[in-house]
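Written below as structure tokens is the structure these notes are about.
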Amino acid sequence: MTSNASAAHHGEHHDHHLEEGPHGTMKGYMTGFVLSVILTAIPFWLVMGGVLDSTVATSVLVLVFAVVQIVVHMIYFLHLNTKSEGGWNMLSLIFTLILVFITLTGSLWVMYHLNVNMMPGMMTSTPG
Amino acid sequence: MAEHNTAEATEAPVFYVTEEEHAHSSTLLGFWIYIMSDTLIFAALFATFGVLSHSYAGGPTPKEVLELPTVALNTAMLLISSITCGFAMLQMEKNNRSATLLWLAITGIFGAIFVGLELHEFAGLIAEGAGPQRSAYLSAFFTLVGTHGTHVTVGIIWLVTLMVQIGRKDLIEANKRRLMCFSMFWHFLDVIWIGVFSFVYLLGVLQ
């Protein structure tokens, strides 16, 4: 909805340049807000109410809801789409996400293995 | 033959963008790139937290010190301030100065409540001996959550500055551009907070 609206604005080619900026609509903001409330309430309910017996399942669900809510914020609050700024917004976001992914997984992966394989107590039991 | 050539030359295809670049466009894109670089700072802090999140050093675990009801209230405050910031932007587009200022003020109040609750939480933790020097986990916790809180505090200062500027110079183009940057910054802080409450608080209490 929002991306259609802003695409239409881009098509009109206003000389009044501020018109080309990111645009929100009341409907867009309210949709984003309601979705965010739901996507926040469910993980809090899962953890505080101890709904699921499995900790792993709850953890995965919490992370999934977080990712979905971040996407909702990006679309409805930050008005991000593939067309804004000629695609440079999206390109820099993708680049950033790749770096975020490398930072997070790289750190966790390397430090976990250092911890497991190189702690003093482990040295004797680990061959070679 | 010669005539044909001239006709072709005048309608020759152009292989570059003939439209002029808009100045405001580069400001918003530049600000977006700043936000992306800020995201990388938070990525580094999240990674640090992830690595140290079990290094309790015999100190308190998240389950013992974190209070989810406070965090839920905090989350609600920040989310409400996000939507009121959106309302301020909608009023700005309608050139409605007083309504813009009103929604900005409400945004600032909710932001201030958020920072107040967070400081209250920090003070409580430090008072019960769970300060940043207690364990690597708590150091990482205070650094990550504190950096986010600092951002929100700076955002509130920026918000007040903008309100004074709008009050004095009205909703001129420059102020609108600044407001757009501010709204991007404010929504970005809410996005980071999603990561904080999921990763630090909810997953912390689960373990």
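Naming convention: chains lettered A, B, ... in sequence-line order (proteins, then strands); numbering from 1 in each chain.
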Could you grab the distance from atom CD1 of B/I35 to atom CG of A/N89, nearest 0.5 Å is fine?
-> 9.5 Å
With a 4.5 Å limit on heavy-atom distance, are the side chains of B/V71 and A/F44 in contact?
-> yes
Measure the OG-CG distance between A/S36 and B/D190 for me, rounded to the nearest 0.5 Å.
-> 7.0 Å
Just wondering, more than 12 heavy atoms not from B/D170 lying within 6.0 Å of its CG?
-> yes
Hey, which of B/S183, B/G86, B/A44, B/G195 has the most heavy atom pairs under 4.5 Å with chain A?
-> B/G86
Most heavy-atom pairs under 4.5 Å with chain B, out of A/G50, A/S92, A/G106, A/A41, belong to A/S92
Does any non-hydrogen side-chain atom of A/Y29 lie less than 4.5 Å from one of B/M89?
-> yes
Shortest non-hydrogen contact from A/F77 toward B/S82 | CD1-OG, 4.1 Å
The interface call for B/F197 against chain A, heavy-atom contacts under 4.5 Å, is side chain
Top of B/I80, B/I33, B/V205, B/L68 for chain A proximity - count of heavy-atom pairs under 4.5 angstrom | B/L68
Does the pair A/H73 and B/L79 meet the rule for a side chain to side chain contact (heavy atoms under 4.5 Å, CB included), with working shown?
-> CA-CA 10 Å; A/H73 274 245; B/L79 189 57; 3.9 Å; yes
Can you name the nearest heavy-atom pair linking A/S59 to B/L206, along with the distance?
-> OG-CD1, 3.5 Å
In terms of heavy-atom pairs under 4.5 Å with chain B, the winner among A/V62, A/T105, A/L39, A/V67 is A/V62
Interchain contact, B/Y201 with chain A, by part (heavy-atom threshold 4.5 Å) = neither
For the student: nearest non-hydrogen atoms of A/L108 and B/A47, plus distance | CD2-O, 4.4 Å
Engaged part of A/V37 at the chain B interface, taking heavy atoms whose separation is under 4.5 Å = both
Measuring from B/M36:CE to A/I94:CD1, what's the distance to the nearest 0.5 Å?
-> 11.0 Å
Would you call A/M111 and B/T48 a side-chain contact if the rule is heavy atoms closer than 4.5 Å?
-> no
B/L202 to A/P43 - nearest heavy-atom pair and separation | CD1-CB, 3.7 Å
Does B/T100 have any side chain to side chain donor-acceptor pair (under 3.5 Å) partners at least two apart in sequence or in another chain, and if so, which?
-> none
Does A/F95 CZ have over 12 foreign heavy atoms under 6.0 Å away?
-> no
In terms of heavy-atom pairs under 4.5 Å with chain B, which of A/V110, A/T55, A/L97, A/L46 leads?
-> A/T55
Do other residues, nucleotides or ligands put more than 12 heavy atoms under 6.0 Å from B/Q207 CD?
-> yes
Quick one: does B/W32's side chain get under 4.5 Å of A/L80's, heavy atoms only?
-> yes
Tell me, for B/L90 versus chain A, whether the close heavy atoms (under 4.5 Å) come from the side chain, the backbone, both or neither.
-> side chain
Check step by step if side chain to side chain contact (heavy atoms under 4.5 Å, CB included) holds for B/V191 and A/Q69.
-> CA-CA 8 Å; B/V191 171; A/Q69 199 185 343; over 6 Å; no
Nearest 0.5 Å, what's the NE2-NE2 distance between A/H79 and B/H187?
-> 6.0 Å
Contacting moiety of A/L63, where chain B heavy atoms sit under 4.5 Å = side chain
